[in-house]
Enquirer: 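Take this structure, written in structure tokens, and hold onto it; I'll ask about it next.
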Amino acid sequence: QVQLVESGGGLVQAGGSLRLSCAVSGNIFSINAMGWYRQAPGKQRELVAAIVRGGSTNYTDSVKGRFTISGDNAKNTVYLQMNSLKPEDTAVYYCNLVLRGGNAYWGQGTQVTVSS
């Protein structure tokens with residue numbers, strides 16, 4: 001059984017920073033990709049950042065230059081460093097894992113609130 005647990009969310013003023021963590025447990029033999037998604041009230045869930053096999057990263061345009069996704073294989077953890085936060089970044093952030101076999105897993109989310 002695979003489990004993802006997000007942490008690091010909270011309340012921060014515009015211009016501040018937060019670092020989200022996603023801890024993965026279970027028997028993981030091969031990973032295709034991991035990513036961070038977010039969902040604001042009344043809006044669809046959107047991809048924020050992803051890291052794929054080989055180390056390539058992708059970001060949605062609105063966070064380029066401000067957010068950085070990274071992983072620590074020894075700790076089985078993926079991170080999202082968020083700098084220069086804006087009120088429009090307010091959302092529940094979800095961690096996503098896709099294994100090589102195609103199975104996908106989701107965390108339960110962590111709330112990020114950015115005040116103006």
Enquirer: Are side-chain heavy atoms of Val63 and Met82 found at a separation under 4.5 Å?
Expert: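 No, too far: nothing below the 4.5 Å cut-off.
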Enquirer: So do Val24 and Leu97 actually touch side chain to side chain, heavy atoms under 4.5 Å?
Expert: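 A side-chain contact exists here, since the closest heavy-atom pair is under 4.5 Å.
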Enquirer: Who passes side chain to side chain contact (heavy atoms under 4.5 Å, CB included) against Ala23, sequence neighbours left out?
Expert: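 Ala23: side chain to side chain contact (heavy atoms under 4.5 Å, CB included) contacts with Thr77.
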Enquirer: Take atom CD of Gln13 as the centre, draw a 6.0 Å sphere, and report whether it contains more than 12 heavy atoms from other residues, nucleotides or ligands.
Expert: no
Enquirer: How far does CD1 of Ile51 sit from OG of Ser70, to the nearest 0.5 angstrom?
Expert: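 Nearest 0.5 Å value for the CD1-OG distance: 7.0 Å.
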Enquirer: Does any pair with a residue in residues 87-116 pass ring pair (Phe, Tyr, Trp, His ring centres under 6.0 Å), and if so which ones, sequence neighbours excluded?
Expert: Tyr37-Trp106
Enquirer: Can you find a pair of side-chain heavy atoms, one from Asn96 and one from Trp36, that are under 4.5 Å apart?
Expert: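 Not in contact.
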Enquirer: Which pairs count as disulfide bond (SG atoms under 2.5 Å apart) when at least one residue sits in residues 73-116, sequence neighbours excluded?
Expert: Cys22-Cys95
Enquirer: How far apart are the closest heavy atoms of Gln108 and Glu6, and which atoms are they?
Expert: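 Scanning both residues completely, I find the closest heavy atoms to be N-OE1, 3.0 Å.
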Enquirer: Considering all heavy atoms of both residues, which atom of Ala33 and which atom of Val52 are nearest to each other, and what is their separation?
Expert: CB-CG1, 4.0 Å
Enquirer: Is Lys64 salt-bridged to Asp61, cutoff N-O under 4.0 Å?
Expert: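 Result for this pair is yes, salt bridge flagged.
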Enquirer: Please report the interatomic distance OG(Ser7) to CG(Leu20), rounded to the nearest 0.5 Å.
Expert: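 Going from the OG atom of Ser7 to the CG atom of Leu20 covers 8.0 Å.
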Enquirer: Are the side chains of Asn32 and Leu99 in contact, using a 4.5 Å heavy-atom criterion?
Expert: no
Enquirer: Which distance, rounded to the nearest 0.5 Å, do you find between the CG of Asn83 and the CZ of Phe67?
Expert: 8.5 Å
Enquirer: Check whether any side-chain heavy atom of Ile69 sits under 4.5 Å from a side-chain heavy atom of Tyr59, and report yes or no.
Expert: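 Contact flag for Ile69/Tyr59 side chains = yes.
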